[in-house]
Amino acid sequence: MAEKITPRETDYSQWYIDIVLNAKLADYSPVKGCMVIRPRGYAIWERIQAEFDRRFKETGHSNAYFPMLIPMSFLQKEAEHVEGFAPELAVVTYGGGEKLEEPYCIRPTSETIIWSMYKEWIHSWRDLPLLINQWANVVRWEKRTRLFLRTSEFLWQEGHTAHETEAEAIEETLRMLEVYRDVVERYLCVPVVPGVKSETEKFAGAVRTYTIESMMQDRKALQAGTSHFLGQNFAKAFDVKYQTRDGGLDYVWATSWGISTRLVGAVIMTHSDDKGLVLPPTLSPEEVVIVPIYKNDSKASVLQYADKVLAMLKEAGIRAILDSDDSSSPGWKFAEWELKGTPLRIEIGPRDMAAGKVMLVRRDTAEKTPVAVDTVAATSRQTLSEIQTALFERARKFRDENTVQIDTLPEMLEFFGAEGTGTADAHGGFASALWCGSAECEADLKAKTKATLRCMPLNQQENISGRCALCGAPAKHRAIFARNY
RNA sequence: CGGGCAAUAGCGCAGGUGGUUAGCGUACAAGUCUGGGGGACUUGGGGUCGCCAGUUCGAGUCUGGCUUGCCCGACCA
């Protein structure tokens with residue numbers, strides 16, 4: 001049979017599409033730029049969702065749901081906000097067969113409709129903090145879409161909080177950024193750089209945007225989550241004041257933060273290989289697949305043995321399945337489950353059975369280990385945990401190896417393969433460079449190399465001294481530049 | 001949203017200058033043999049050729065429009 005997956009070397013972009021389609025994670029839809037998330041893709045999203053939801057509740061947030069349709073006038077209340085989102089709005093102008101007096105836009109994000117309600121709900125410092133999260137779909141009319149990474153409609157989570165003081169709001173912004181970092185790194189095994197966005201890149205309507213940036217296998221950056229300190233911008237736009245503890249009246253301080261189904265794309269592009277999807281055990285719908293191998297005369301006994309192993313694994317709380325489909329060969333099943341990303345495979349044939357063993361095969365390394373059947377649960381548990389760690393470490397090593405400190409513009413141009421440098425094949429990576437803080441420098445670099453300022457890493461802003469790698473002016477920050485998705 | 005390419009069976013493709021019952025591989029179904037890395041043979045089912053118009057006696061094939069996708073730019077989780 002022909003190769004299903006285009007090798008990464010040949011065409012990284014096609015490789016990604018092949019994985020998504022062939023592993024049946026998603027499919028194209030008849031609607032431009034919108035995709036169908038298929039059961040396997042949705043199962044992965046549900047696992048991501050469940051972990052984040054747990055962490056949000058742990059940090060005191062409650063879920064709620066706001067309307068998908070937002071009166072256009074609401075968006076216009078915050079100048080920067082509407083300017084930022086206007087180009088990608090989908091607008092509803094008819095309802096019930098009649099032209100609407102005021103059109104609704106389909107939410108591109110929910111700050112405005114949520115703050116219109118917060119005005120009703122917040123009166124006193126006793127109403128604060130207000131910590132609400134919403135799981136929802138949003139629509140942003142995209143010119144260029146890619147499965148999971150950028151679609152016109154996507155699923156996400158948006159947290160919207162209101163606080164008494166600026167300090168509390170900033171603390172919340174950073175708390176949620178840290179939740180993102182922790183879950184994305186530990187649960188999705190995707191290493192990230194937490195940092196601050198530049199003015200150019202920040203969220204429309206925010207005072208400051210924090211981000212976690214990850215590096216894909218083609219060395220391009222992917223923004224994996226953002227947390228915004230909104231200051232009093234939306235409180236002022238929607239006139240949300242509260243009675244302070246000392247009897248005064250003040251605008252509340254706000255945050256918002258979000259992660260989306262894009263994370264599924266991040267997981268795919270971080271871990272997978274030319275054989276197919278590679279999933280961290282935490283995210284895989286099944287942690288272990290048992291593939292029985294038998295001839296006609298050994299079929300019954302092998303299946304019975306495999307059933308016993310399946311029961312032992314389930315007993316131990318491991319998500320295991322037995323692929324007893326009789327119509328495809330073991331070799332077929334091996335390839336199929338590798339394509340689907342199952343972290344651990346257990347092969348059971350007559351020889352294993354005779355020896356009282358099973359064969360453990362790791363998806364990430366292809367390593368095969370015979371294991372005594374009595375210890376199969378414990379060993380599987382142990383191996384799954386090792387895979388979880390190994391995936392993160394491998395990705396972090398790759399990211400670190402492709403993060404380079406750069407001090408001058410010529411080096412920067414060479415790193416990103418700009419025209420005239422003779423390095424057109426260079427893939428770049430993360431360029432860590434000093435920056436003067438000017439938007440002109442960002443724009444200039446972008447024009448020459450397509451690389452943008454991804455973030456200013458949070459813990460690298462001390463003792464900045466030196467010159468901007470782009471213009472030579474005194475530097476104010478250390479920043480990561482990269483091409484991005 | 002501009003430029004380029006594409007759309008024929010689930011998937012991958014072939015179908016010179018228009019010609020009547022649209023093919024091949026693979027997958028699918030049934031059966032027999034198989035089974036430790038995508039098995040073999042036999043038989044069988046499956047298509048309004050992306051959509052809408054037009055040219056023509058006749059369109060998968062030519063023309064126009066539209067839709068969707070991919071690549072390259074401009075814009076963005």
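Chain letters run A, B, ... following the sequence lines, proteins first, then strands; residues in each count from 1.
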Would you measure the distance from the [atom1] atom in [N] across to the matching atom in [M] and give it in whole Å?
N     : M     : atom1 : value
B:G46 : B:C5  : P     : 37 Å
B:G15 : B:A22 : C1'   : 8 Å
B:A9  : B:G25 : P     : 16 Å
B:U8  : B:C70 : P     : 15 Å
B:G36 : B:A40 : P     : 13 Å
B:C41 : B:G23 : C1'   : 23 Å
B:U20 : B:U56 : C1'   : 15 Å
B:C33 : B:G37 : P     : 22 Å

Worksheet item: Which nucleotide, B:G36, B:G37, B:G35, lies nearest any side-chain atom of A:Asp326?
Response: B:G35

Discussion item. Given B:U34, B:G38, B:G37, identify the nucleotide with an atom nearest to the side chain of A:Lys368.
Written reply: B:G37

Fill in: A:Met215 and A:Phe398, any side-chain heavy atoms less than 4.5 Å apart
yes

Could you please name the partner base of [N], counting Watson-Crick and G-U wobble pairs only when both distances are under 3.5 Å?
N     : answer
B:G47 : none
B:C11 : B:G25
B:A6  : B:U68
B:A77 : none
B:C33 : B:G39

Remember a base hit wins even if backbone is also touched, and classify [X] as base, sugar-phosphate or nothing at under 4.0 Å, heavy atoms.
X        : value
A:Gly33  : sugar-phosphate
A:Gly258 : nothing
A:Asn296 : base
A:Pro350 : base

Atom-to-atom span, [atom1] of [X] to [atom2] of [N] - whole angstrom:
X        : N     : atom1 : atom2 : result
A:Met35  : B:U68 : CE    : P     : 17 Å
A:Lys275 : B:G38 : NZ    : P     : 13 Å
A:Leu303 : B:G36 : CG    : P     : 15 Å
A:Tyr294 : B:U34 : OH    : P     : 14 Å
A:Trp337 : B:G38 : CH2   : C1'   : 15 Å
A:Arg38  : B:G10 : CZ    : P     : 14 Å
A:Glu336 : B:C11 : CD    : P     : 16 Å
A:Arg351 : B:G37 : CZ    : P     : 9 Å

Worksheet item: Only one of A:Tyr485, A:Tyr16, A:Trp15 clears side-chain hydrogen bond (donor to acceptor under 3.5 Å, both in side chains) with A:Asp218; which?
Response: A:Tyr485

Response to the item:
Between A:Glu153 and the options A:Asn137, A:Thr261, A:Thr145, the side-chain hydrogen bond (donor to acceptor under 3.5 Å, both in side chains) test singles out A:Asn137

Fill in: Worked verdict on A:Glu51 versus A:Thr282 for side chain to side chain donor-acceptor pair (under 3.5 Å)
CA-CA 10 Å; A:Glu51 179 64 10; A:Thr282 42; over 6 Å; no

Worksheet item: For B:G39, does either OP1 or OP2 sit under 4.0 Å from a side-chain N or O belonging to A:Ser329?
Response: yes

Worksheet entry | Base-contact (B) and sugar-phosphate-only (S) positions in nucleotides 70-77 of chain B, heavy-atom cut-off under 4.0 Å, - elsewhere | SSBSBBBB

Item to complete: Ignoring hydrogens and angles, state whether a donor on the side chain of A:Thr255 or A:Thr161 is under 3.5 Å from an acceptor on the partner side chain.
Response: yes

Discussion item. Distance alone, cut at 3.5 Å: any donor-acceptor contact between the side chains of A:Thr109 and A:Arg107?
Written reply: no

Practice prompt. Run the salt-bridge test on A:Asp18 and A:Arg8 with the 4.0 Å N-O cut-off and return the result as yes or no.
Written response: no

Item to complete: Please determine if A:Arg55 forms a cation-pi arrangement with A:Trp257, meaning its NZ or CZ atom is less than 6.0 Å from the six-membered ring centre and no more than 45° off the ring axis.
Response: no

Discussion item. Tell me whether the count of non-hydrogen atoms from other residues, nucleotides or ligands lying under 6.0 Å of CZ in A:Arg186 goes above 12.
Written reply: no

Discussion item. Both A:Ser29 and A:Val361 contact RNA chain B. Taking the nearest nucleotide for each, which residue is further toward the 5' end?
Written reply: A:Val361

